[in-house]
Novice: 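If you scroll down you'll find the structure; I have some questions about it.
Whatever order the structure lists them in is the order used to number ligands and atoms, beginning at 1. Below, all heavy atoms of this structure are taken into account, side chains as well, without hydrogens, waters or symmetry copies.
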Amino acid sequence: MQNKNIVLGVTGGIAAYKACALTSKLTQQGANVKVIMTKSAMQFVSPLTFQALSRNPVYTDTFDEKDPAKIAHIDLADWADIVLLAPATANVIGKIANGIADDMLTTTILATKAAVYIAPAMNVNMYGHPAVIKNMQQLTDYGYHFIEPGAGYLACGWIGKGRLEEPETIIEVIKSHQQTNKLLAGKKVLVSAGPTREKIDPVRFFTNRSTGKMGFALAEAAAEMGAEVTLVTGPVALDIFQNNITRIDVTTAEEMFHAMEAAFPNQDIVIKSAAVADYRPKQTYDEKLKKKDGNLQIELERTTDILKTLGEAKTDQFLVGFAAETQDPKDYGKDKLLRKNLDAIVINNVAQEGAGFGSDTNVVTYLNRSLKEHEIPLNSKKEVAKEIYQLILHDMKDESR
Ligand code: CTP
């Protein structure tokens, strides 16, 4: 935390008192802290308390421009290395998720390019309300980081989740996140995601159950870790919000092959998490096929194995494949690693609870070229993605792999 510039946003909940201890601990650890309070926060704690603890002026009003040479909320937004919102009420979470900027805190948050951490605190039922859950999901998609509240006795009398995490824990979470944060700075990462669609006629196609969630998590995690990311994706219902991700949309295996091949040469890390069709109809129809008596036979032909082709072409790229299996996952995974000349493979037992297509979580085995296995336990796909990058970076450093 030494010399880190931290903007601490305090909003109107009883947990505002804990933000005082947080300010004190941050300054003790060498951080420069500037506090912004909302009007409601001032109902709980006085700005003077934060001014004394941070030894900096406290900001409470967008229009209280002290220095005519600067616009305060933009100046603060640019000054910050980290913006921490603690405690964050349901109201402020809702405002930011919807782009509302109507006070000093929300204007600063919308204007900042710094990493933003949000530590919610509210009643257990508010925390579980679908609107709050949706807003938190939206903010996660925008790249904001949440520090989950703890469970226990709440000031409102309820027992459950909603208590602001302890100041020490908040600081530890931020520190460990910052350590992994820029591990991929200067690296170029290419990720493929989603299914492909192989046309039969204008209204029908073959596809598979991939939703693209793991590939998008890999792209987002790489972007958060500082990489310049290219994401080649088949048809999915997902959006990307980070600005260091270039998204290329494709439909068929053939289009994915061309997009991957074109982007491949100057990449450092290439991860093929897409579920590419292995076969496509040999003949496609421009007019809709009409039904007839009896069976219909559609002859299928093989698509290009993109991963295998990249494995043959690779120079310095660290190439990672995915293997989605329902039986003997490790044996099949190992076979693919060797056959396709990969540097590592992520093996996914899609039959396992919490793993595979459509799920928000995953549990995988990472197997590298020296056949060293590493189990990544059940976690959100984003966290699994981050662990995959840590293993890749470790292997990239290890010459003997
Ligand atoms: N892959 C690819 N091009 C294809 C098919 C698959 O690049 N035409 C990639 C996937 O993106 C994934 C890996 O290969 O990284 C999966 O290996 P593959 O042997 O194709 O898996 P399955 O099709 O699931 O395997 P199989 O039918 O051999 O079990």
Side-chain angles (χ1 to χ4, degrees), residues 189-199 205-219 222 229-236 238 248-265 267 269-282 300-314 317-352 355-358 362 364-369 376 381 384-385 388-389 391-392 395:
V189 175
L190 172 63
V191 178
S192 76
T196 63
R197 268 183 200 168
E198 308 303 328
K199 178 184 167 183
F205 50 78
F206 287 114
T207 189
N208 59 62
R209 293 182 57 199
S210 169
T211 56
K213 284 184 181 171
M214 190 65 227
F216 274 60
L218 281 160
V229 183
T230 306
L231 171 66
V232 176
T233 177
V236 292
L238 298 173
I248 301 171
D249 286 282
V250 296
T251 305
T252 64
E254 203 55 21
E255 286 170 14
M256 186 172 279
F257 172 51
H258 291 306
M260 291 297 288
E261 201 183 29
F264 188 64
Q267 301 295 329
I269 300 170
V270 178
I271 309 186
K272 276 235 75 238
S273 67
V276 188
D278 290 322
Y279 297 92
R280 65 170 162 247
K282 196 163 179 186
L300 300 174
E301 64 181 6
R302 284 292 301 269
T303 57
T304 309
D305 190 325
I306 306 169
L307 190 57
K308 191 157 179 278
T309 312
L310 298 181
E312 283 157 10
K314 91 184 160 81
Q317 299 89 343
F318 192 95
L319 184 60
V320 184
F322 261 68
E325 310 289 351
T326 55
Q327 55 180 346
D328 304 328
K330 286 181 190 163
D331 292 341
Y332 281 119
K334 185 176 146 193
D335 170 63
K336 280 172 197 171
L337 172 88
L338 300 173
R339 198 161 33 85
K340 302 193 186 196
N341 190 28
L342 309 179
D343 295 288
I345 191 149
V346 179
I347 306 165
N348 211 332
N349 184 348
V350 285
Q352 205 170 333
F357 295 147
N362 214 346
V364 300
T365 306
Y366 174 95
L367 180 73
N368 71 9
R369 227 181 147 76
I376 303 180
K381 285 188 168 170
V384 169
I388 290 172
Y389 287 117
L391 292 165
I392 291 174
D395 281 345

Novice: Give a yes or no answer on whether the side chain of Arg369 reaches the backbone of Leu342 with a donor-acceptor pair at less than 3.5 Å.
Specialist: yes

Novice: For atom 23 (O) of ligand 1, what is the closest protein heavy atom, and at what distance to 0.1 Å?
Specialist: Asp278 OD2, 2.6 Å

Novice: Suppose we measure from atom 13 (C) of ligand 1 to each protein heavy atom; which comes out shortest, and what is that distance?
Specialist: Phe322 O, 3.1 Å

Novice: Specify the protein heavy atom at minimum distance from atom 10 (C) of ligand 1: its residue, its atom name, and the distance to 0.1 Å.
Specialist: Ala274 O, 3.3 Å

Novice: With a 4.5 Å cut-off on side-chain heavy atoms, are Ile392 and Ile271 touching?
Specialist: yes

Novice: Could you tell me if the side chain of Pro195 sits less than 4.5 Å from the side chain of Val236, heavy atoms only?
Specialist: yes

Novice: Heavy-atom contacts with Ala277 under 4.0 Å: which atoms of ligand 1 show up? List them by number with element.
Specialist: 8 (N)

Novice: Would you indicate which of Arg302, Met256, Lys272, Met260 comes nearest to atom 15 (O) of ligand 1 when only heavy atoms are counted?
Specialist: Lys272

Novice: Can you tell if the side chain of Val250 reaches within under 4.5 Å of the side chain of His258, non-hydrogen atoms only?
Specialist: no

Novice: Note the single closest protein heavy atom to atom 7 (O) of ligand 1, along with its residue, its atom name and the distance in Å.
Specialist: Leu307 N, 2.8 Å

Novice: Applying a heavy-atom cut-off of 4.0 Å, say which part of Ile306 lies close to ligand 1: side chain, backbone, both or neither.
Specialist: both

Novice: Side-chain contact, heavy-atom cut-off 4.5 Å: Leu391 with Ile376?
Specialist: yes

Novice: Within a reach of under 6.0 Å around NZ of Lys199, are more than 12 heavy atoms found that belong to other residues, nucleotides or ligands?
Specialist: yes

Novice: Please list the nearest protein heavy atom to atom 20 (O) of ligand 1 with its residue and the distance rounded to 0.1 Å.
Specialist: Lys340 NZ, 3.2 Å

Novice: Does the side chain of Phe264 come within less than 4.5 Å of Thr309's, by heavy atoms?
Specialist: no

Novice: Distance to 0.1 Å, residue and atom name: give those for the protein heavy atom nearest to atom 22 (P) of ligand 1.
Specialist: Lys336 NZ, 3.7 Å

Novice: Considering the heavy atoms of Gly321, write down every atom of ligand 1 situated less than 4.0 Å from one of them.
Specialist: 15 (O)

Novice: Are Ala275 and ligand 1 in contact, using a heavy-atom cut-off of under 4.0 Å?
Specialist: no

Novice: What protein heavy atom lies closest to atom 8 (N) of ligand 1? Include the residue and the distance to one decimal.
Specialist: Thr304 O, 2.9 Å

Novice: Would you mind reporting whether Arg197 and Phe206 have side-chain heavy atoms less than 4.5 Å apart?
Specialist: no

Novice: Under 3.5 Å between some N or O of ligand 1 and some N or O of Arg339?
Specialist: no

Novice: Is there a side-chain contact between Val346 and Ile388 in this structure, where contact means two heavy atoms from C-beta onward sitting under 4.5 Å apart?
Specialist: yes

Novice: Please state which part of Thr303 comes within less than 4.0 Å of ligand 1, counting heavy atoms only: side chain, backbone, both or neither.
Specialist: side chain

